[in-house]
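This report refers to the structure that appears directly beneath it.
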Amino acid sequence: MSVKQGGVSMSQESLKTVVTRIAPSPTGDPHVGTAYMSLFDYVFAKQQGGKFILRIEDTDQKRYNPESEQRVIDALKWLGLAPDESPEIGGPNAPYRQTERLELYQKYANQLLESGHAYRAFETQEELEQIREDMQKSGLGQGYDGRAKRLSKEESDKRAASGEAFVIRLATPTEGETLIKDALRGEVRIPNSEVPDAVLMKSDGIPTYHLAVVVDDHVMGVTHVVRGEEWLPTAPVHVLLYQTFGWQEPVWIHMPLLKNADGKKLSKRRDDSSLDSYKEQGIVAEALLNYLATMGWSMPDGREFFSLKDMIKQFKFERISLGGSVFDMKRLRHYNAHYLREVLDLETVAERAKPFFEAAGYSWKDEDYLLDVIDVLLPRIETLAELTEQSAYFFSDSFNYTEEAKRKLEAGQKHLEALERELSRLDFFDFDDVDDALREYVKSESVKMGEVMMPLRAALTGSTQAPGVSDLAVILGKSRTLERIGRAISYLEAGLPDDKPQKPKKDDEAGATP
RNA sequence: GGCCCCUUCGACUAGCGGUUAGGUCACCACCCUUUCAAGGUGGCGGCACGAGUUCGAAUCUCGUAGGGGUCACCA
């Protein structure tokens with residue numbers, strides 16, 4: 001389903017510069033949902049000639065993880081979604097870490113306190129639990145009953161002055177409803193009875209998300225808040241804050257959620273949703289971005305492969321579908337394979353692949369060798385990691401033969417011996433020469449191609465599943481090709497002392513056992 | 001459970017009153033072939049249900065069902 005008719009206008013009343021922001025909290029692995037939101041933030045901001053800000057929401061000290069911030073920054077860099085302002089590069093709205101902006105929130109919290117739109121609450125953790133329990137029992141909603149609102153100003157001031165711990169809560173209306181003008185869903189109305197007196201300022205003097213986002217978004221001039229649908233239920237708190245401060249609301253855009261195969265919100269715990277993990281698996285940034293873009297959005301002309309640039313040209317929030325898409329690794333791999341094979345040039349793929357080869361402990365004599373290896377493997381792999389998994393025999397001579405390969409070697413021993421002679425006679429060892437030689441041999445022996453090629457393939461790679469034999473031989477080069485044939489022959493001679501193998505083999509294809 | 005959002009093939013989606021409901025992934029088959037792939041061709045498979053509105057509904061309205069989100073001094 002697409003956006004409702006008569007939805008909210010996307011444009012602010014004036015010609016304000018569009019400002020979007022991604023505000024991750026540094027609590028762990030950079031999440032794919034962050035990349036998802038960043039993509040739309042970035043694309044929309046760039047399209048509108050606006051700015052995209054990265055702000056770190058580190059207001060939860062308990063869950064704070066110091067490495068996490070840098071990993072988010074790095075992940076955005078990897079993706080190519082460079083913020084115009086961030087804690088790393090700074091900007092006119094610095095600082096970009098909320099714990100460095102504490103006085104600001106304090107100021108606004110006090111303002112709310114003075115105007116009576118907020119109040120101090122002194123309940124302890126245990127008391128709160130009790131309240132919640134009671135409310136649940138009586139069926140009168142949950143959360144907090146607002147009892148501290150009834151404290152007199154004098155008492156509140158006195159208890160605060162005496163050093164008693166307190167939080168500051170927003171005094172929300174109990175009657176009526178709050179309207180969220182969501183650009184994708186139209187008008188969403190939530191009864192105020194459902195809107196809790198949210199904590200704005202925690203007892204440690206650090207604001208909650210609710211106060212911090214609103215203040216920062218306003219102060220930083222954020223015009224469009226693009227965030228996950230999970231925020232819709234608490235959006236009234238934010239709308240109410242804008243209203244009591246008398247600030248103009250941003251355009252609210254609650255995006256559909258990314259789901260796992262069970263249809264549940266993608267979670268760090270259950271699901272593999274870490275950007276670093278995708279990177280390590282050899283997913284390429286362009287492919288991930290393209291894939292993410294198709295989750296809930298589509299090109300007007302139906303193209304499924306497109307660049308960030310093209311997306312910026314064509315993007316409209318109107319084409320967002322609200323269903324919430326299942327993150328499908330298979331499909332991501334398909335996109336990745338396409339980028340590896342069709343979009344990125346070989347040199348670029350090689351650059352991206354190098355860290356993987358290095359991590360695998362492989363070394364190569366020159367760039368061309370690496371390029372040839374990648375080129376011939378490309379149709380067979382979908383990720384950079386698979387490139388190394390399938391190329392061991394290109395970087396080491398001491399590979400083992402699989403059981404299937406052993407059988408092929410045994411069946412083709414005489415061909416190997418002949419081929420060793422034939423190939424050693426070649427002056428040039430380029431594709432045509434090798435290919436011609438092999439084909440001529442097959443013809444002269446009047447056997448099936450496979451009878452000759454499979455044993456050779458097994459000798460060259462230790463496996464029966466590999467690229468074309470002529471390609472393999474040419475890439476490996478004459479001397480290594482001959483060495484490997486020789487190695488296979490000595491293996492056969494050493495490994496088969498008896499005339500006949502013990503167990504009668506049932507081998508369908510290469511059944512030509514002597 | 002309350003509140004809110006959502007609902008087209010298994011998955012991602014096109015469709016915005018008149019289409020044989022289109023494409024992609026996955027899956028299956030065939031072709032190509034020297035194995036594995038890649039590539040090519042074809043196939044399987046869908047408008048959650050029920051009422052309306054209308055000459056005509058996947059498209060508009062309502063209801064039902066189902067799914068999801070959220071109910072913290074976490075974001």
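Basis for what follows: all heavy atoms, side chains included, without hydrogens, waters or symmetry-related copies. The structure displayed is predicted, hence computed values, not measured ones. To find a chain, count down the sequence lines: A is the first, B the second, and so on, and within it residues start at 1.
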**Message:** I'd like to know if Arg185(A) reaches the base of C5(B) with its side chain such that a donor and an acceptor end up less than 3.5 angstrom apart.
**Reply:** no

**Prompt:** Has the side chain of Ser203(A) got a donor or acceptor that lies under 3.5 Å from a partner of the other kind on the base of C73(B)?
**Reply:** yes

Taking atom [atom2] of [N] as reference, at what distance in whole Å does atom [atom1] of [X] sit?
X         : N      : atom1 : atom2 : answer
Arg333(A) : C27(B) : CZ    : P     : 11 Å
Leu170(A) : A72(B) : CG    : P     : 16 Å
Ile206(A) : A75(B) : CD1   : P     : 9 Å
Leu438(A) : U34(B) : CG    : P     : 12 Å
Leu232(A) : C71(B) : CG    : P     : 13 Å
Ile131(A) : C73(B) : CD1   : C1'   : 13 Å
Met135(A) : C71(B) : CE    : P     : 15 Å
Asn290(A) : U13(B) : CG    : C1'   : 14 Å

Looking at every strand, decide which applies to [X] at a 4.0 Å heavy-atom threshold: base, sugar-phosphate, or nothing.
X         : value
Leu257(A) : sugar-phosphate
Asn260(A) : nothing
Val326(A) : sugar-phosphate
Lys259(A) : nothing
Arg189(A) : sugar-phosphate
Gly228(A) : nothing
Val167(A) : base
Pro24(A)  : nothing
Glu123(A) : base
Trp297(A) : nothing

**Complete:** Applied to residues 231-240 of chain A, the salt bridge (Lys or Arg N to Asp or Glu O under 4.0 Å) test, sequence neighbours excluded, yields none

**Closest-nucleotide ordering on RNA chain B, the 5'-leading residue of Arg439(A) and Gly302(A)** = Gly302(A)

**Message:** Between Ala121(A) and Arg331(A), which residue's closest nucleotide on RNA chain B lies nearer the 5′ terminus?
**Reply:** Arg331(A)

Looking at [options], which one has an atom nearest to any side-chain atom of [X]?
X         : options                : answer
Thr294(A) : U13(B), C12(B), A38(B) : C12(B)
Leu128(A) : G69(B), U34(B), C73(B) : C73(B)
Arg341(A) : U34(B), A75(B), A38(B) : A38(B)
Met454(A) : U35(B), A11(B), G2(B)  : U35(B)
Glu229(A) : U24(B), G68(B), A14(B) : G68(B)
Ile190(A) : U70(B), C3(B), A14(B)  : C3(B)
Arg380(A) : C36(B), A38(B), U24(B) : C36(B)
Met295(A) : C12(B), C6(B), G2(B)   : C12(B)
Asp60(A)  : U34(B), C74(B), C4(B)  : C74(B)

**Centroid-centroid distance, Tyr105(A) to His210(A), less than 6.0 Å** = no

Which whole number of Å gives the distance between the [atom1] atom of [N] and that of [M]?
N      : M      : atom1 : answer
G15(B) : C73(B) : P     : 43 Å
G67(B) : U33(B) : C1'   : 46 Å
A37(B) : U19(B) : C1'   : 38 Å
G1(B)  : C9(B)  : C1'   : 34 Å
U13(B) : G52(B) : P     : 33 Å
C32(B) : U41(B) : C1'   : 11 Å
A38(B) : A26(B) : P     : 8 Å
C36(B) : G42(B) : P     : 24 Å

**Asked** Would Asp272(A) and Gln281(A) count as having a side-chain donor-acceptor pair, cut-off 3.5 Å?
**Response** yes

**Arg341(A) (side chain) donor-acceptor with Pro379(A) (main chain) under 3.5 angstrom** = yes

Output yes when at least one side-chain N/O atom of [X] is less than 4.0 Å from OP1 or OP2 of [N], else no.
X         : N      : answer
Arg457(A) : C36(B) : no
Ser325(A) : U13(B) : yes
Thr27(A)  : C74(B) : no
Arg120(A) : C73(B) : no
Lys330(A) : G10(B) : no
Lys265(A) : G67(B) : no
Arg169(A) : A72(B) : no

**Asked** When the ring planes of Tyr144(A) and Tyr119(A) are compared, do they come out parallel, tilted or perpendicular, using 30° and 60° as the limits?
**Response** parallel

**Prompt:** Taking side chain as C-beta onward, heavy atoms only, is Phe166(A) less than 4.5 Å from Ser156(A)?
**Reply:** no

**Asked** Is any side-chain heavy atom of Thr208(A) closer than 4.5 Å to a side-chain heavy atom of Thr59(A)?
**Response** no

Any-strand Watson-Crick or G-U partner of [N], both distances under 3.5 Å:
N      : answer
C62(B) : G50(B)
A57(B) : none
A29(B) : U41(B)
U24(B) : A11(B)

**Prompt:** Should the heavy atoms of other residues, nucleotides or ligands under 6.0 Å from CD of Gln61(A) be counted, would the total exceed 12?
**Reply:** yes

**Lys268(A) atom NZ, neighbour heavy-atom count above 12 within 6.0 Å** = yes

**Request:** Among Phe306(A), Tyr278(A), Phe305(A), find the one that has a ring-ring contact (aromatic ring centres under 6.0 Å, His included) with Tyr335(A).
**Result:** Phe305(A)

